[in-house]
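Right, one structure below, let's go through it.
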Amino acid sequence: MDGRAEGGPGEGRMDSATEGFVAHRNLLFTVAYELLGSAADAEDVLQETWLRWMNVDHGAVRDQRAYLVRITTRQALTRLRTLVRRKESYVGPWLPEPLLTAPDVAEDVALADSVSMAMLLVLETLAPTERAVFVLREVFALDYAEIAEAVGKNQAAVRQIAHRARAHVSARRPREVVSADQTREALAAFRRAVETGDLGRLLDVLAPDVVLLTDGGGVVRAALAPIVGAETVGGVLGGIAGTAMEPAQVNGYPALILRVEGEIDTVIAVRIEGGRISGLYAVRNPEKLSYLERETALSRADGD
């Protein structure tokens with residue numbers, strides 16, 4: 001995807017277009033990932049964005065960032081509607097594709113919150129256009145005019161959609177802001193309890209109404225429905241008692257990775273409320289684990 005011409009007058013234009021795309025790439029990937037919850041699909045959207053970008057009259061583009069975000073959003077919306085149909089036939093709970101993220105993602109609290117497993121699941125409850133408007137406005141702080149261009153609506157409609165989406169998310173997102181340190185502390189207690197098989201200690205760290213979601217995608221063994229309640233969840237987790245787990249930074253927050261014979265088998269992310277784990281998200285589908293082998297760059301700004 002270097003976009004270089006073989007020579008002649010077109011080479012400078014192609015190089016300039018490539019530089020513009022590369023400068024905004026991490027931002028564009030983050031937009032696509034937040035809209036789709038899938039890194040693989042976000043990469044496909046970036047490829048489609050690139051192809052369309054290379055056919056644009058770049059001399060007529062006043063704001064490269066806005067233009068590229070618009071292309072990316074439109075391509076992501078098209079793919080998101082396809083994903084909605086795909087998820088309807090998915091085997092068991094569907095969870096977002098986890099990403100191994102760099103420390104700088106955690107340092108940007110707003111970015112970390114927006115890509116956390118808990119928030120991505122809340123975003124899944126929005127209609128495609130609502131999701132796009134919410135993400136572009138609340139996470140990337142685009143103005144209503146830019147968002148209107150991206151989603152093909154007028155500004156008045158976008159304002160209404162933004163208000164509706166904001167209220168929807170507010171009613172479903174965690175009510176307290178949990179720091180990475182709080183998450184790390186709860187995960188450390190959870191890890192000790194599981195590795196030692198101490199059910200009493202495990203119940204201490206789980207909220208009474210904790211929900212465990214396991215995503216095997218019909219490929220590997222996983223529960224086909226949410227598991228609810230500390231006692232029930234504790235019993236299920238007893239099946240991995242004594243299993244060693246390694247800490248990792250996943251989607252901006254501390255998480256745990258389980259390996260079997262050196263290969264990643266499961267990643268566990270959590271939702272914390274009131275100092276206890278209220279949500280456990282275990283991704284086991286092998287097709288969703290490839291982005292845990294290397295850090296993925298996410299950004300709300302350009303050129304990071």
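One is the number of the first residue; the rest follow in order along the sequence. The analysis underlying the following values was restricted to heavy atoms, covering all of them including side chains, and did not include hydrogens, waters or symmetry mates.
- Each of Leu95 and Leu120 belongs to its own hydrophobic cluster when Ile, Leu, Val, Met, Phe, Trp and Tyr are linked at side-chain heavy-atom distances under 4.5 angstrom.
- Using a 4.5 Å heavy-atom cutoff, the side chains of Phe29 and Thr296 are in contact.
- When the shell of 6.0 Å around OH of Tyr67 is examined, it contains 12 or fewer heavy atoms from other residues, nucleotides or ligands.
- More than 12 heavy-atom neighbours from other residues, nucleotides or ligands sit within 6.0 angstrom of CD on Glu48.
- Listed for the Glu195 side chain is a donor-acceptor partner under 3.5 Å among the backbone atoms of Met245.
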Self-check item: Working for side-chain contact (heavy atoms from CB on, under 4.5 Å), residues Leu121 and Tyr281
Solution: CA-CA 10 Å; Leu121 285 173; Tyr281 313 112; 3.5 Å; yes

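- Atoms CG and OG, from Asp104 and Ser299 in turn, are 8.0 Å apart once rounded to the nearest 0.5 Å.
- Linking Ile, Leu, Val, Met, Phe, Trp and Tyr residues whenever their side-chain heavy atoms come within less than 4.5 Å places Leu111 and Val169 in a single cluster.
- Arg164 and His168 share no side-chain donor-acceptor pair at under 3.5 Å.
- Minimum interatomic distance between Arg184 and Asp181 (heavy atoms only, all atoms of both residues): NH1-OD1, 2.7 Å.
- You'll find the side chain of Arg191 stays beyond 4.5 Å of the side chain of Leu187, heavy atoms only.
- When all heavy atoms of Ala32 and Thr72 are compared, the pair lying nearest together is CB-CG2, 4.1 Å.
- Side-chain atoms of His24 do not come within 3.5 Å of backbone N or O of Val22 as any donor-acceptor pair.
- With rounding to the nearest 0.5 angstrom, the CH2 atom of Trp53 is 10.0 Å from the CG atom of Leu28.
- Taking 4.5 Å as the limit, every side-chain heavy atom of Phe134 sits out of range of all side-chain heavy atoms of Ile161.
- If you take CG on Leu123 and OG on Ser114, they are separated by 8.0 Å, rounding to the nearest 0.5 Å.
- Taking CG of Leu35 as the reference point, atom CG of Leu136 lies at 6.0 Å (rounded to 0.5 Å).
- Side-chain atoms of Leu99 and Val115, non-hydrogen and from C-beta on, never get closer than 4.5 Å to each other.
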Quiz prompt | Check against side chain to side chain donor-acceptor pair (under 3.5 Å), Asn285 and Tyr90 | solution = CA-CA 11 Å; Asn285 185 345; Tyr90 197 79; 2.9 Å; yes

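- No donor-acceptor pair under 3.5 Å is formed between the side chain of Glu246 and the backbone N or O of Ile257.
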Exercise. For the pair Leu280 and Leu213, evaluate side-chain contact (heavy atoms from CB on, under 4.5 Å) and give the outcome as yes or no after the intermediate values.
Key: CA-CA 6 Å; Leu280 279 162; Leu213 298 176; over 6 Å; no

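- Residue Leu203 is grouped with residue Ile277 when hydrophobic side chains (ILVMFWY) are merged at heavy-atom distances under 4.5 angstrom, including chains of intermediate members.
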Quiz prompt | Evaluation steps, salt bridge (Lys or Arg N to Asp or Glu O under 4.0 Å), between Arg259 and Asp265 | solution = CA-CA 5 Å; Arg259 294 181 183 269; Asp265 177 82; over 6 Å; no

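- Residue-environment remark: CD (Gln155) exceeds the threshold of 12 foreign heavy atoms within 6.0 Å.
- In the hydrophobic cluster analysis, where Ile, Leu, Val, Met, Phe, Trp and Tyr join through side-chain heavy atoms closer than 4.5 angstrom, Leu289 is grouped apart from Val270.
- Ser170 places no side-chain N or O within 3.5 Å of a backbone atom of Ala167 that could act as its donor or acceptor partner.
- Taking 4.5 Å as the limit, every side-chain heavy atom of Asn154 sits out of range of all side-chain heavy atoms of Val158.
- Residue Gly252 comes nearest to Val105 through the heavy atom pair CA-CG1, 3.8 Å, listed as atom of the first residue, atom of the second, then distance.
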Exercise. Go through Leu142 and Arg137 one step at a time and tell me if the side-chain contact (heavy atoms from CB on, under 4.5 Å) criterion holds.
Key: CA-CA 5 Å; Leu142 267 63; Arg137 181 64 181 172; over 6 Å; no

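- For the pair Arg25 and Glu43, the salt-bridge criterion is met [side-chain N within less than 4.0 Å of a carboxylate O].
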Practice problem: Take Arg173 and Asp113, measure what salt bridge (Lys or Arg N to Asp or Glu O under 4.0 Å) needs, and give me the verdict at the end. | Solution: CA-CA 10 Å; Arg173 73 190 306 172; Asp113 177 65; 2.5 Å; yes

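- Residue-environment remark: CD (Glu287) stays at or below the threshold of 12 foreign heavy atoms within 6.0 Å.
- In this structure, Glu146 contributes its side chain and Asp143 its backbone to a donor-acceptor pair below 3.5 Å.
- What you find for Pro96 and Val283 is that their closest heavy atoms are O-CG2, 4.0 Å.
- With a 4.5 Å cut-off on side-chain heavy atoms, Arg52 and Val56 do not count as touching.
- Residues Ala225 and Pro93 come closest through the heavy atom pair N-CD, 4.2 Å.
- Looking only at atom types and distance, the side chain of Asp41 has no donor-acceptor partner in the side chain of Tyr33 under 3.5 Å away.
- Between atom CZ of residue Arg70 and atom OG1 of residue Thr49 there is a gap of 12.0 Å, rounded to the nearest 0.5 Å.
- The residues Glu124 and Arg131 are annotated as salt-bridged, a charged nitrogen and a carboxylate oxygen being separated by less than 4.0 angstrom.
- Note: Leu80 CG to Arg86 CZ = 10.5 Å, rounded to the nearest 0.5 Å.
- Arg74 is not listed as a side-chain neighbour of Leu77, based on a closest heavy-atom distance of 4.5 Å or more.
- One N or O on the side chain of Arg276 and one on the backbone of Asp204 form a donor-acceptor pair closer than 3.5 Å.
- Heavy atoms only, all atoms of each residue included: Ala255 and Ile268 are closest at CB-O, 3.2 Å.
- No single ILVMFWY cluster, assembled from side-chain heavy atoms under 4.5 Å apart, contains both Met117 and Tyr253.
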Practice problem: Decide yes or no on side-chain contact (heavy atoms from CB on, under 4.5 Å) for Leu202 and Val194, but give the supporting numbers first. | Solution: CA-CA 7 Å; Leu202 180 60; Val194 171; 4.2 Å; yes

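- The residues Asp215 and Arg284 are annotated as not salt-bridged, no charged nitrogen and carboxylate oxygen being separated by less than 4.0 angstrom.
- In this structure a side-chain-to-backbone donor-acceptor pair under 3.5 Å is present from Thr214 to Ala223.
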Practice problem: Go through Asp198 and Arg192 one step at a time and tell me if the salt bridge (Lys or Arg N to Asp or Glu O under 4.0 Å) criterion holds. | Solution: CA-CA 8 Å; Asp198 189 336; Arg192 287 193 299 271; over 6 Å; no

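- Salt bridge Arg271/Glu273: present, at least one basic N to carboxylate O contact under 4.0 Å.
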Exercise. Verify side chain to side chain donor-acceptor pair (under 3.5 Å) between Thr101 and Glu295, making sure each step is shown before the conclusion.
Key: CA-CA 5 Å; Thr101 49; Glu295 288 184 352; over 6 Å; no

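- Contact of the Lys153 side chain with the Ile147 side chain is not registered, since no non-hydrogen atoms from C-beta on lie closer than 4.5 Å.
- At distances below 3.5 Å, not a single donor-acceptor pair connects side-chain atoms of Trp50 with backbone N or O atoms of Phe21.
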